[in-house]
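Step one of this worksheet: look at the structure below.
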Amino acid sequence: MIVDERMVTYMNSLDKGNTPFLNHLEQEALKNRVPIIRREMQSFLKVLLQIKAPKRILEVGTAVGFSTLLMSTYNPADCEIVTIENYEKRIPIAKENFRKAGKEEQITLLEGDAQEVLKTLTGSFDFIFMDAAKGQYINFLPEVLRLLEDGGILLSDNVLQDGDIVESHFAVERRNRTIYKRMREYLYVLKHHELLETSILPLGDGVTLSIKKQQEE
């Protein structure tokens, strides 16, 4: 963990939870070892939604649809959500969860490799949530920036790799070194990109909050 476990436990003990449907979905996902956003990230995301009230959301990485449904439930605006998932086994589960929640008309699930799917998207989004394969974030970024409107928010989850990100290359397990290298590159680009203002937060397993700057005409 990147934050003291007792502190995280205390903060989460204050959390009032979500709707009964989302609480049940969270428990099922945890029981089946499906990766979903952590409780502290859920709280942060709900606050951002209240601040931004986005009209068009793009999510890269659906899993079973928990975060998708959380965004549709707690966004104060009537919004459209487009979400992308590549793992075939989870796609029908996510679709069924959207049906059970009555959100089929609001949510569009696109199947396939996000790097290819992103190229096919048009229009702009005022909120983009990146929660897919960490080693691919840097590859997704050019298309994500194309799709993010000026003043829009890019939120990226799981960017600190349980603290490995601050270790030397040789201290990281060999199988994780490619992700380590790409994530360090991603964080550098986010902090130095001329179109973005970015904060890195030690929340959950690390989060970046980026705002796309307004462009002068």
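- Atom CD in Q136 sits 10.5 Å away from atom CE in M130 (nearest 0.5 Å).
- By the 4.5 Å heavy-atom criterion applied to side chains, V207 and V159 are not counted as neighbours.
- For the atom pair OG of S210 and CG of L196, the computed distance is 5.0 Å after rounding to the nearest 0.5 Å.
- Of the residues listed (V144, L154, V82, I153), the one engaging F125 in a side chain to side chain contact (heavy atoms under 4.5 Å, CB included) is V82, and it is the only one.
- Nearest approach of L203 to M41, heavy atoms of both residues: CD2-SD, 4.1 Å.
- Listed for the D150 side chain is no donor-acceptor partner under 3.5 Å among the backbone atoms of Q214.
- The existence of a salt bridge linking E104 and R99 is excluded, since no basic side-chain nitrogen approaches an acidic carboxylate oxygen closer than 4.0 Å.
- When side chains are defined from C-beta on, F44 counts as touching L201, because their heavy atoms get closer than 4.5 Å.
- When all heavy atoms of V117 and E111 are compared, the closest pair comes out as CG2-O, 3.9 Å.
- The heavy-atom pair separating A29 from V64 by the smallest distance is CB-CG2, 4.4 Å.
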Query raised in the report: Under the side chain to side chain contact (heavy atoms under 4.5 Å, CB included) criterion, do Q27 and H24 qualify, and how do the steps go?
Result: CA-CA 5 Å; Q27 291 304 312; H24 175 73; 5.6 Å; no
Query - Residues L25, N97; criterion side chain to side chain contact (heavy atoms under 4.5 Å, CB included); working and verdict - result: CA-CA 8 Å; L25 184 56; N97 287 331; 3.3 Å; yes
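- For the residue pair N18 and Q42, a side-chain donor N or O sits within less than 3.5 Å of a side-chain acceptor on the partner.
- Linking Ile, Leu, Val, Met, Phe, Trp and Tyr residues whenever their side-chain heavy atoms come within less than 4.5 Å leaves L155 and L141 in two separate clusters.
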Requested in this report: Show your working on side chain to side chain donor-acceptor pair (under 3.5 Å) between Y186 and T208 and close with a plain yes or no.
Outcome: CA-CA 10 Å; Y186 181 68; T208 55; 4.8 Å; no
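- A distance of 9.0 Å separates CD1 in I84 from CG in L109, rounded to the nearest 0.5 Å.
- Taking the ring axis of Y74 as reference, the NZ or CZ atom of K46 stays within 45° of it and closer than 6.0 Å to the ring centre.
- Within the 4.5 Å cutoff, side-chain heavy atoms of M71 are placed close to those of I81.
- The aromatic rings of F140 and Y137 sit tilted, their planes meeting at an angle between 30° and 60°.
- Here the side chain of K212 pairs a donor or acceptor atom with the backbone of L148 at under 3.5 angstrom.
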Query raised in the report: Checking side chain to side chain donor-acceptor pair (under 3.5 Å) for the pair E59/S67: CA distance, chi angles, key distance, verdict?
Result: CA-CA 9 Å; E59 178 184 49; S67 53; 2.4 Å; yes
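- For the pair L118 and L58, the minimum side-chain heavy-atom distance is below 4.5 Å.
- The closest side-chain heavy-atom distance from I200 to L209 is not below 4.5 Å.
- Side-chain contact between E26 and R39: present, with at least one pair of heavy atoms (C-beta onward) separated by less than 4.5 Å.
- The heavy-atom pair separating E40 from V8 by the smallest distance is OE2-CG1, 3.6 Å.
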